[in-house]
Amino acid sequence: MAVLVTGGAGYIGSHTCVELLNEGEQIIIVDNFSNSKPEVLNQIRKITGKDFQFYQADLLNREAIKKIFSENAVESVIHFAGLKAVGESVSLPLRYYHNNITGTLILCEEMEAANVKRLVFSSSATVYGMNNPVPYREDMPTSATNPYGWTKVMIEQILKDLYTANPTFSISILRYFNPVGAHESGLIGEDPNGIPNNLTPYIAKVAKGELPKLTVYGDDYDTKDGTGVRDYIHVVDLAKGHLSALKKLRTETGVSIYNLGSGEGHSVLEVVRAYEKASGRPVPYVIGPRRAGDIASCYADPKKAEQELHWKATKSLYDMCLDSWRFTEKK
Ligand code: NAD
Ligand code: UFG
């Protein structure tokens with residue numbers, strides 16, 4: 001029996017595949033490489049010394065997805081595949097709704113047809129919207145400020161409705177905070193195309209000398225030093241959270257939501273300093289205006305995952321920067 005990993009060639013998916021293989025799980029990866037590269041698959045093999053089945057396919061291609069279920073004994077699905085760039089989702093909303101929502105609908109329909117009832121879904125802290133107080137708890141109301149965020153809010157609802165209609169499903173909705181870092185081997189990590197939107201990939205390029213300086217988006221927030229505060233979580237810690245969720249899914253039916261965060265908030269300037277220390281390189285920055293849609297602080301209350309999944313983040317911000325730098329240097 002195998003775990004089907006959609007989007008397994010991507011940033012979080014590839015790290016999760018490594019952890020699954022290390023735990024002796026059999027996996028099948030499906031990815032269309034819209035935001036990843038085929039080389040990642042060999043890196044996963046290199047790190048783990050294990051092989052797996054791979055399908056280059058789009059979730060929107062129902063026949064291809066049906067074929068995966070008919071050719072394999074799939075026991076559960078971890079669903080990472082989706083488009084994730086917030087800004088791009090504002091200019092290409094239909095592409096985002098179609099890819100993320102229709103892709104998930106086709107996946108769930110084909111799971112149901114193949115009698116596969118265990119699903120782990122990649123949601124995001126973005127569903128807490130602009131108006132909840134920090135730290136965020138899973139029972140707070142959800143909303144969004146951009147099409148990407150709405151796809152997560154809507155898919156969460158779809159999955160809850162699916163369970164209501166068919167209570168033989170076991171569904172775990174994981175709300176990730178800000179994943180950072182890379183596998184300690186330096187063989188896999190986050191490698192966005194073009195100029196990065198997110199903080200640590202941007203800082204990595206500045207430290208490497210590929211970009212001249214970081215622009216800090218605002219220093220007048222109501223936070224410890226005026227810059228934005230986020231809950232950064234090492235991608236390997238995050239990957240391990242999926243194994244804990246899977247373990248629980250195998251023992252019960254239901255739909256559960258968990259924050260996967262450290263519970264700690266770090267400011268932009270704290271990240272800059274940690275990265276400088278880890279890389280031994282300067283990270284020049286200037287203070288710019290606030291970025292539209294940003295909030296002052298976003299961090300998790302991680303107690304539910306700790307109590308129910310027996311999972312918690314273990315790695316520090318410095319570890320995240322060190323591993324990000326090792327990956328960046330090797331590229
Ligand atoms: P990623 O872009 O690195 O990985 C996603 C993978 O899915 C890519 O390899 C891409 O090629 C693939 N994919 C996309 N659409 C597909 C389709 N229709 N069919 C087949 N494959 C498809 O992103 P990531 O950072 O690894 O994120 C994984 C998931 O976690 C996403 O759903 C994302 O929205 C969510 N998430 C990410 C973050 C973050 O900051 N990285 C935060 C919260 C939630
Ligand atoms: N920032 C800068 N300069 C930059 C980039 C970011 O100052 O060049 C700041 C932002 O203003 C923010 C912090 O760094 O205060 C983190 O920004 P990111 O873009 O790295 O991350 P966000 O918290 O904005 O959003 C990320 C993902 C979303 C996801 C959310 C919660 O991009 O998709 O985390 O998981 F929904």
Side-chain angles (χ1 to χ4, degrees), residues 9-12 14-15 33-37 39-40 43 83-92 124-126 146 148 176-221 223-236 238 265-296 298 315-331:
Y11 174 46
I12 306 169
S14 58
H15 289 81
F33 296 130
S34 59
N35 197 37
S36 51
K37 299 186 183 88
E39 295 89 86
V40 170
Q43 305 291 56
L83 297 172
K84 64 164 184 177
V86 172
E88 189 183 58
S89 80
V90 176
S91 43
L92 299 172
S124 166
T126 197
N146 55 70
Y148 166 71
Y176 312 152
F177 282 69
N178 291 52
V180 171
H183 190 263
E184 61 179 9
S185 63
L187 293 175
I188 52 173
E190 189 173 19
D191 190 12
N193 294 329
I195 296 182
N197 296 306
N198 295 116
L199 182 64
T200 48
Y202 200 104
I203 289 181
K205 283 197 185 292
V206 174
K208 207 176 175 190
E210 291 175 6
L211 289 170
K213 59 180 183 306
L214 170 76
T215 300
V216 176
Y217 296 140
D219 68 348
D220 57 351
Y221 285 107
T223 59
K224 47 186 135 183
D225 59 20
T227 66
V229 163
R230 296 291 182 273
D231 184 334
Y232 296 95
I233 173 162
H234 195 294
V235 66
V236 173
L238 187 64
H266 290 289
S267 73
V268 175
L269 295 182
E270 284 174 338
V271 179
V272 169
R273 282 193 289 271
Y275 212 98
E276 286 185 324
K277 194 168 159 210
S279 65
R281 301 281 183 94
V283 177
Y285 66 85
V286 289
I287 305 293
R290 291 182 178 193
R291 180 172 66 177
D294 272 358
I295 51 175
C298 167
K315 292 177 184 275
S316 69
L317 180 63
Y318 181 70
D319 297 331
M320 299 178 217
C321 296
L322 212 52
D323 290 335
S324 158
W325 179 243
R326 192 177 300 117
F327 173 72
T328 304
E329 261 195 315
K330 275 200 179 184
K331 268 191 297 172

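Everything quoted here is computed from the prediction, not taken from an experiment. Position 1 is the first residue of the sequence, and the numbers go up from there.
The shortest heavy-atom contact between V40 and A9 is CG1-O, 3.5 Å. For the residue pair P212 and V206, the shortest heavy atom distance occurs at O-CG1, 4.0 Å. Residues Y176 and L238 share a closest heavy-atom pair of CD2-CD1, 3.6 Å. When every heavy atom of V236 is checked against every heavy atom of A182, the shortest pair comes out as CG2-O, 4.2 Å. Contact record, G218 with I287: C-CG2, 4.4 Å, taken as the closest heavy-atom pair. Closest approach of I295 to Y221, counting heavy atoms only: C-CE2, 4.1 Å.
Between L269 and Y285, the closest side-chain pair of non-hydrogen atoms falls below 4.5 Å. Between T328 and E190, every side-chain heavy-atom pair lies at or beyond the 4.5 Å cut-off. Taking the side chain as every heavy atom from C-beta outward, M320 and T200 never approach each other to under 4.5 Å.
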Next item on the list: Apply side-chain contact (heavy atoms from CB on, under 4.5 Å) to N35 and L83, showing your working.
Entry: CA-CA 8 Å; N35 197 37; L83 297 172; 5.6 Å; no

Note to self: One pair to check against side-chain contact (heavy atoms from CB on, under 4.5 Å): D220 and R290. What are the steps and the verdict?
What the structure shows: CA-CA 8 Å; D220 57 351; R290 291 182 178 193; 3.0 Å; yes

Check: Where do Y232 and L199 land on the side-chain contact (heavy atoms from CB on, under 4.5 Å) test, with the steps shown first?
Finding: CA-CA 10 Å; Y232 296 95; L199 182 64; 3.3 Å; yes

Notebook entry, point to check: Where do S267 and T223 land on the side-chain contact (heavy atoms from CB on, under 4.5 Å) test, with the steps shown first?
Noted result: CA-CA 8 Å; S267 73; T223 59; 5.5 Å; no

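A donor-acceptor pair under 3.5 Å is absent between the side-chain atoms of R230 and the main chain of F177, judged by distance alone.
Residue pairs meeting the side chain to side chain donor-acceptor pair (under 3.5 Å) criterion with at least one partner in residues 208-219, sequence neighbours excluded, are K205-E210. Residue pairs meeting the salt bridge (Lys or Arg N to Asp or Glu O under 4.0 Å) criterion with at least one partner in residues 270-287, sequence neighbours excluded, are K224-E270.
Aromatic ring orientation, W325 versus Y275: perpendicular (interplanar angle above 60°, classes split at 30° and 60°).
In this structure, the separation between OG on S89 and NZ on K84 is 13.0 Å, given to the nearest 0.5 Å. Rounding to the nearest 0.5 angstrom, the gap separating the NE2 atom in H183 from the CD1 atom in I188 is 6.0 Å. Interatomic distance, CG of L211 versus CD1 of I203, reported as 11.5 Å (0.5 Å rounding). Atom OH of Y202 sits about 10.0 Å away from atom CG of N197, to the nearest 0.5 Å. Going from atom OH of Y11 over to atom CG of D191 covers 11.0 Å, rounded to the nearest 0.5 Å. For the atom pair N146 CG and T126 OG1, the distance stands at 5.5 Å (nearest 0.5 Å).
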